[in-house]
Novice: 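Here's a structure for you.
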Amino acid sequence: MEPVKAGLLGLGTVGGGTVNVLRRNAEEIERRAGRGIRITHAAARDLDKPRICDTTGITLTTDPQDVVSNPDIQIVIELIGGDGLAKDLVMQAIEQGKHVVTANKALIAKHGNEIFAAAQKKGVMVAFEAAVAGGIPIIKAIREGLAGNQIQWLAGIINGTGNFILTEMRDKGREFEDVLKEAQELGYAEADPTFDVEGIDAAHKLTILSSIAFGIPLQFEATYTEGISNITREDVAYAEELGYRIKHLGLTRRTDKGVELRVHPTLIPERRLIANVDGVMNAVLVMGDAVGPTLYYGAGAGDEPTASAVVADLVDVARVLTSDPENRVPHLAFQPDAISDLPILDMEAVETAYYLRMQAEDKPGVLAEVTRILGDRDISIEAIIQKEPTEGSDKANVILLTHVVRESKMNEAIEKIEAMKSIHGDVTRIRVESLKA
Ligand code: NDP
Ligand code: HSE
């Protein structure tokens, strides 16, 4: 049988990795897909740029439209990124009846509802395994492997760059900026790295996971997002003293009142496997009612790990090219007419435990006042540490761990504590999740 012809948009980290994996494993891929998969055309901005892959035999262009509108191309692989040009190209590809494979989480999280509706109408696939957690086949695991379960919650380290930064800061005492630069050189970071460190990239991915876990529309705008740029080495050390690791976690949970959808730095008990996921590695912990907890682990970014997911999608598309569109796995795991309208919970309504750190004057009555403010709001304290002031300072670091409380009550308490004369600067607040089965 003739090989399937694919057109590639983007020849950067993931595009280059995809060309390399497809070439190296061509024989194995053909045995799996039932026919070969060949990239015949590719687009990039600068055709003179050195590439990580061999482009021999691929017709190159600087105009991505040439690729999308080529009638011989059956699959368009979108690896440009962003949600401007990429969206136009993907919509055009769908309109022309082509299947799409993409690693673009921003595109899917923000425009997936519209894209999947268009794809459904045209009977084409839009596959996006590489968009979440790099090489980990987490979309397939939730959408197909766990299809017999009611998913209760899932939590994941889903940004490789952020986890790499936190790990290097903790293990080697390196500075934030220095590690971020290395992550960029290694091809892990987004074109705009604030997406990684401010949690936007993780929020894109969590939006997608939440949707396929609970059968709800993609609702990126409703995701609560907090980054890691305010985490200090002190917090990392204090957390360890208390038996926790700080991880940048994406968490989504189905509750009676709605769906929690949140990305923020989180203290996790160090004995949990996920607390020990380091460097660029990602992990997603999924709790199903039948299976219990399951954990998926692997490289969250990088050329070939991500290409592994892109090529798996290409194999899926090649396999279904001849099958009836009505009988394919639905894009968001649930049939389009069975998507539910469960509301996303406001962050103020979320209930969790907290780590608080504050700079307090080292004098009698200060701690008593802090605990009174917490007690007045039924916030009970699990642990408290007061550090000796450093030489020449009259301020001590006070670290508190609380039990679970509603976020709105904690917001009130923090406001009151910050208003105390004997408390200096802002209170650092990091949420704590036990991630118990
Ligand atoms: P890169 O910046 O390395 O590559 C982007 C590619 O797109 C480049 O080859 C660039 O051309 C090309 N490009 C950009 N604009 C145009 C244009 N107007 N016309 C033609 N070509 C264009 O990005 P990545 O490979 O890192 O990321 C690609 C996608 O994959 C993104 O959506 C990203 O979020 C996602 N992703 C990335 C991962 C990673 O580890 N890097 C992991 C998982 C997903 P040129 O090279 O000439 O500049
Ligand atoms: N910038 C992303 C990360 C790439 O670091 O996780 C993988 O999606």
Side-chain angles (χ1 to χ4, degrees), residues 7-20 41-53 55 60-68 76-90 101-111 128-136 138-139 156-167 179-180 182-206 208-209 228 248 250 263 277 279-284 298-310 313:
L8 180 60
L9 308 177
L11 269 171
T13 303
V14 186
T18 300
V19 172
N20 286 334
H41 295 73
R45 269 178 307 212
D46 176 359
L47 299 186
D48 297 326
K49 219 186 218 179
R51 300 287 164 196
I52 59 168
C53 62
T55 56
L60 300 180
T61 173
T62 53
D63 186 357
Q65 305 281 351
D66 287 351
V67 178
V68 173
V76 170
I77 311 168
E78 186 281 304
L79 299 172
I80 285 181
D83 69 325
L85 174 66
K87 183 188 172 201
D88 295 342
L89 294 168
V90 163
V101 171
T102 180
N104 191 336
K105 47 272 164 141
L107 176 70
I108 299 297
K110 291 174 76 178
H111 305 289
F128 53 94
E129 182 63 71
V132 182
I136 308 174
I138 187 65
I139 303 290
I157 296 169
I158 45 180
N159 182 268
T161 303
N163 203 41
F164 180 66
I165 293 173
L166 286 177
T167 305
V179 193
L180 173 58
E182 190 184 343
Q184 287 177 290
E185 285 161 7
L186 289 166
Y188 300 158
E190 293 304 298
D192 176 355
T194 57
F195 275 44
D196 295 290
V197 298
E198 295 307 334
I200 301 160
D201 178 72
H204 288 144
K205 294 165 177 167
L206 187 71
I208 299 171
L209 290 178
I228 55 168
H248 200 193
V263 172
V277 170
V280 73
M281 302 311 270
N282 280 190
V284 184
D303 56 350
E304 292 214 357
T306 312
S308 159
V310 171
D313 276 349

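Every number for a ligand or one of its atoms is a count from 1 in the order of the listing.
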Novice: May I ask you to list the atoms of ligand 2 that are less than 4.0 angstrom from any heavy atom of N159?
Specialist: 2 (C), 3 (C), 5 (O), 6 (O)
Novice: Identify, by atom number and element, the atoms of ligand 2 in contact range of G160, meaning under 4.0 Å from any of its heavy atoms.
Specialist: 3 (C), 5 (O), 6 (O)
Novice: Is the shortest side-chain heavy-atom distance between D196 and Y188 below 4.5 Å?
Specialist: no
Novice: For the residue pair T306 and T13, establish whether any side-chain heavy-atom pair is separated by less than 4.5 Å.
Specialist: no
Novice: Taking all non-hydrogen atoms of both residues into account, name the closest pair between A133 and I138 and its distance.
Specialist: CB-CG2, 4.2 Å
Novice: Find all protein N or O atoms under 3.5 angstrom from an N or O atom of ligand 1 and list the pairs with distances, or write 'none'.
Specialist:
{"residue": "ligand 1", "atom": "3 (O)", "partner": "T13", "partner atom": "N", "Å": "3.0"}
{"residue": "ligand 1", "atom": "3 (O)", "partner": "T13", "partner atom": "OG1", "Å": "3.4"}
{"residue": "ligand 1", "atom": "9 (O)", "partner": "L11", "partner atom": "N", "Å": "2.8"}
{"residue": "ligand 1", "atom": "9 (O)", "partner": "G12", "partner atom": "N", "Å": "3.0"}
{"residue": "ligand 1", "atom": "11 (O)", "partner": "R45", "partner atom": "N", "Å": "3.2"}
{"residue": "ligand 1", "atom": "21 (N)", "partner": "R45", "partner atom": "N", "Å": "3.4"}
{"residue": "ligand 1", "atom": "25 (O)", "partner": "T13", "partner atom": "N", "Å": "3.2"}
{"residue": "ligand 1", "atom": "25 (O)", "partner": "V14", "partner atom": "N", "Å": "2.9"}
{"residue": "ligand 1", "atom": "34 (O)", "partner": "K105", "partner atom": "NZ", "Å": "3.2"}
{"residue": "ligand 1", "atom": "34 (O)", "partner": "E190", "partner atom": "OE1", "Å": "2.7"}
{"residue": "ligand 1", "atom": "34 (O)", "partner": "E190", "partner atom": "OE2", "Å": "3.4"}
{"residue": "ligand 1", "atom": "40 (O)", "partner": "G302", "partner atom": "N", "Å": "2.7"}
{"residue": "ligand 1", "atom": "41 (N)", "partner": "G187", "partner atom": "O", "Å": "2.9"}
{"residue": "ligand 1", "atom": "46 (O)", "partner": "K49", "partner atom": "NZ", "Å": "3.2"}
{"residue": "ligand 1", "atom": "46 (O)", "partner": "R51", "partner atom": "NH1", "Å": "2.7"}
{"residue": "ligand 1", "atom": "46 (O)", "partner": "R51", "partner atom": "NH2", "Å": "3.3"}
{"residue": "ligand 1", "atom": "47 (O)", "partner": "R45", "partner atom": "N", "Å": "3.0"}
{"residue": "ligand 1", "atom": "47 (O)", "partner": "D46", "partner atom": "N", "Å": "2.8"}
{"residue": "ligand 1", "atom": "47 (O)", "partner": "R51", "partner atom": "NH2", "Å": "2.9"}
{"residue": "ligand 1", "atom": "48 (O)", "partner": "R45", "partner atom": "NE", "Å": "3.1"}
{"residue": "ligand 1", "atom": "48 (O)", "partner": "R45", "partner atom": "NH2", "Å": "2.9"}
{"residue": "ligand 1", "atom": "48 (O)", "partner": "K49", "partner atom": "NZ", "Å": "2.8"}

Novice: Side chain to side chain donor-acceptor pair (under 3.5 Å) for N159 and H248? Distances and angles first, verdict last.
Specialist: CA-CA 8 Å; N159 182 268; H248 200 193; 5.9 Å; no
Novice: Hey, which atoms in ligand 2 end up nearer than 4.0 Å to a heavy atom of K205?
Specialist: 2 (C), 3 (C), 6 (O), 7 (C), 8 (O)
Novice: If you apply the rule side-chain contact (heavy atoms from CB on, under 4.5 Å), what do you find for T55 with L60, and how did you get there?
Specialist: CA-CA 8 Å; T55 56; L60 300 180; 3.9 Å; yes
Novice: What is the nearest protein non-hydrogen atom to atom 7 (C) of ligand 2, stated with its residue, atom name and distance?
Specialist: G300 O, 3.2 Å
Novice: Taking the side chain as every heavy atom from C-beta outward, state whether P193 and L180 have any atom pair closer than 4.5 Å.
Specialist: yes
Novice: Taking the side chain as every heavy atom from C-beta outward, state whether I208 and I139 have any pair of such atoms under 4.5 Å apart.
Specialist: yes
Novice: If you measure from each non-hydrogen atom of A103 to ligand 2, which part falls under 4.0 Å: side chain, backbone, both or neither?
Specialist: neither
Novice: Is there a side-chain contact between V67 and L8, using heavy atoms and a 4.5 Å cut-off?
Specialist: no
Novice: State which residues pass salt bridge (charged side-chain N to carboxylate O under 4.0 Å, His left out) with D313; sequence neighbours excluded, sorted by chain then number.
Specialist: none
Novice: Under the criterion side chain to side chain donor-acceptor pair (under 3.5 Å), I'd like the reasoning laid out for T194 against D192: C-alpha separation, chi angles, the key distance, then a yes or no.
Specialist: CA-CA 6 Å; T194 57; D192 176 355; 2.7 Å; yes
Novice: Have a look at ligand 2 and work out which part of V280, if any, has a heavy atom under 4.0 Å from it: side chain, backbone, both or neither.
Specialist: neither
Novice: Classify the ring geometry of H204 against F195: parallel below 30°, tilted from 30° to 60°, perpendicular beyond 60°.
Specialist: tilted
Novice: Counting each atom of ligand 2 from 1 as listed, which ones have a heavy atom of E190 under 4.0 Å away?
Specialist: 1 (N), 2 (C), 4 (C)
Novice: What atoms of ligand 2 come closer than 4.0 angstrom to any heavy atom of D196?
Specialist: 1 (N), 2 (C), 3 (C), 5 (O)
Novice: Considering only heavy atoms of A189, which atoms of ligand 2 have at least one such atom less than 4.0 Å away?
Specialist: 1 (N)
Novice: Looking at K105, which atoms of ligand 2 are within less than 4.0 Å of one of its heavy atoms?
Specialist: 2 (C), 4 (C), 7 (C), 8 (O)
Novice: If you measure every N/O of T161 against every N/O of ligand 2, is any gap under 3.5 Å?
Specialist: yes
